[in-house]
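First the structure, in the form of structure tokens, and then the observations on it.
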2 protein chains.
Amino acid sequence: MIYPSCITEIYAHPGISDADLESIFRAHEKVFFHKGDLILTEGQLSNAYYCLEKGLVRAFARNIDGKDITTGFISKNEIVIEVASLFLRQPTKENIQALSDCDCWMIGYEAFQELFERIEGFTEWGRTWMSRALLANKQRSLSMITDSATNRYLRLRGEQPEVLQVAPLKHIASYLGVTDSSLSRIRKEVAQTGR
Amino acid sequence: MIYPSCITEIYAHPGISDADLESIFRAHEKVFFHKGDLILTEGQLSNAYYCLEKGLVRAFARNIDGKDITTGFISKNEIVIEVASLFLRQPTKENIQALSDCDCWMIGYEAFQELFERIEGFTEWGRTWMSRALLANKQRSLSMITDSATNRYLRLRGEQPEVLQVAPLKHIASYLGVTDSSLSRIRKEVAQTGR
DNA sequence: AAAACTACTTGCCCTAAGGCAAGAAATCAA
DNA sequence: TTGATTTCTTGCCTTAGGGCAAGTAGTTTT
């Protein structure tokens with residue numbers, strides 16, 4: 001059986017057999033979002049996550065002044081999820097928004113729990129996914145401390161080039177921890193000098 | 001049965017029964033570290049984690065110039081762990097070091113895996129722990145973007161006051177993302193003004 | 001085809017924090 | 001107990017990036 005690329009990419013794991021993958025896939029349901037749609041809003045309890053087949057998504061939180069800070073971009077074949085709300089069963093402080101039209105495969109909390117109990121390798125897969133997420137997050141914190149804004153920009157360009165094409169400058173700026181004016185200058189400088 | 005406080009604190013979870021806790025505790029073994037000891041060194045494969053009964057520990061990574069950056073402090077009743085190495089089975093890029101003499105309860109990878117397979121609630125506990133870790137990490141990244149150095153200092157003082165007593169200024173400074181001269185000035189200013 | 005947004009750039013000036021270096025104070029080593 | 005090595009503070013100057021505001025382009029809306 002042929003699955004969408006996001007399913008095979010996301011659930012690729014030695015402990016997950018073809019039969020497992022079929023059960024897992026069956027637990028998902030196709031959903032769409034339009035550019036600008038909020039997939040999750042602060043205060044809500046998250047009840048599902050989404051495998052992103054097409055599109056670009058961002059997560060953002062609000063600081064004290066109500067200004068929104070983009071905390072992450074989610075690209076094709078990645079998982080759109082708010083771990084804290086979904087697994088700790090508490091209202092989220094984050095918002096998740098589609099930055100372009102998106103095609104997703106959704107799986108609800110109940111269905112997920114069921115797989116978690118039933119499929120041996122699924123638990124293992126989950127732990128691996130969490131470990132990777134934790135690692136990525138740590139590297140981001142490190143980068144905020146040790147790299148210049150320009151280097152953080154270049155790193156983002158290396159890792160998620162789509163973001164620079166699709167997301168508006170202000171979201172990229174807040175993600176990188178600079179103002180939009182600064183990012184505008186950084187971008188100019190990068191374009192001028194050796195690239 | 002009475003367990004060390006770090007064991008009861010760390011493994012407190014609705015899915016873990018008294019009987020479970022006993023099995024879990026039995027899988028641990030007491031170990032000590034002296035001030036300055038490296039508990040884990042970059043390049044090594046982590047094969048255990050440690051429940052910290054007494055003492056203070058830091059994790060640090062090296063930046064390109066070889067300067068070490070403290071990435072976290074671990075206090076009493078918390079887990080000393082390098083998730084990426086332990087669960088992804090890859091050599092670590094982080095170092096973990098005792099900042100004071102430490103008493104720990106260690107559990108090896110094999111014993112952990114065994115509990116993971118045998119005890120129902122242990123898996124759930126693990127997912128909860130990871131979710132919390134992820135949340136804490138995200139908040140740290142956010143704080144690096146939105147808070148001033150002074151506010152980050154005050155937040156650390158609120159959350160882990162022991163750190164300010166035990167860790168040398170340079171480690172605290174690199175953790176907060178400032179130079180030690182800057183932290184020295186921040187500290188002075190905080191002491192002078194309203195606290 | 002105006003009007004009204006939103007996205008982006010640029011200029012002017014300002015500020016938080018860094019770089020460097022000297023020195024005091026505390027801790028460790030022999 | 002006397003060096004030697006860290007740890008911490010402080011001064012002087014520099015710099016990356018912020019605040020604000022004006023202005024140009026695009027895009028939507030009507």
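Labels below follow one simple rule: chain letters A, B, ... track the order of the sequence lines, proteins then strands, and each chain is numbered from 1. The structure presented is a predicted model; accordingly, all values stated were derived computationally and were not measured.
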Quiz item: When A:Tyr175 is tested against each of A:Phe73, A:Tyr153, A:Phe60 for ring pair (Phe, Tyr, Trp, His ring centres under 6.0 Å), which residue passes?
Solution: A:Phe73
Practice problem: May I ask you to decide whether B:Glu53 forms a salt bridge with B:Lys30, counting only side-chain N to carboxylate O separations under 4.0 Å? | Solution: yes
Quiz item: Can you check side chain to side chain donor-acceptor pair (under 3.5 Å) on A:Ser141 and B:Arg140, steps first, answer last?
Solution: CA-CA 7 Å; A:Ser141 309; B:Arg140 174 160 150 74; 4.7 Å; no
Quiz item: Roughly, in whole Å, what's the span from CG in B:Asp147 to P in C:dA16?
Solution: 15 Å
Exercise. Assess the pair B:Tyr49 and B:Phe87: is the distance between their ring centroids shorter than 6.0 Å?
Key: no
Exercise. Grab the CD-P distance between B:Glu189 and C:dT15 for me, whole Å please.
Key: 15 Å
Exercise. Report, as a single string ordered 5' to 3', how protein heavy atoms within less than 4.0 Å touch nucleotides 22-30 of chain C: B base, S sugar-phosphate only, - not at all.
Key: ---------
Exercise. Mark yes or no for whether A:Asn137, through its side chain, and A:Leu134, through its backbone, hold a donor-acceptor pair below 3.5 Å.
Key: no
Quiz item: Roughly how many Å is it from CG in B:Leu176 to C1' in C:dA16, rounded to a whole number?
Solution: 15 Å
Exercise. Give the rounded distance in Å between these two atoms: CG of B:Leu164 and C1' of D:dC8.
Key: 15 Å
Practice problem: State whether the side chain of B:Thr128 and the backbone N or O of B:Glu124 hold a donor-acceptor pair below 3.5 Å, judged by distance alone. | Solution: yes
Quiz item: Tell me: CD1 of B:Ile69 to P of C:dG18, nearest whole Å?
Solution: 11 Å
Exercise. Do nucleotides 5-10 of chain C as a string where each nucleotide becomes B, S or -: B if the base has a protein heavy atom under 4.0 Å, S if just the sugar-phosphate does, - if no protein is that close.
Key: --SSBB
Quiz item: Base, sugar-phosphate alone, or nothing: which one does A:Gly177 contact when heavy atoms must sit under 4.0 Å apart?
Solution: sugar-phosphate
Quiz item: How close or far is atom P of D:dC8 from atom CD of B:Gln165, stated in whole angstroms?
Solution: 12 Å
Exercise. Would you mind reading off the distance between A:Ile145 atom CD1 and D:dG17 atom P, rounded to a whole angstrom?
Key: 15 Å
Self-check item: Note: A:Lys76-A:Glu162 ion pair, threshold 4.0 Å (strictly below)
Solution: no
Quiz item: Are B:Arg26 and B:Glu22 close enough for a salt bridge, meaning some N to O gap below 4.0 Å?
Solution: yes
Exercise. Please confirm whether the backbone N or O of B:Tyr11 pairs with a side-chain atom of B:Trp129, one donor and one acceptor, at under 3.5 Å?
Key: no
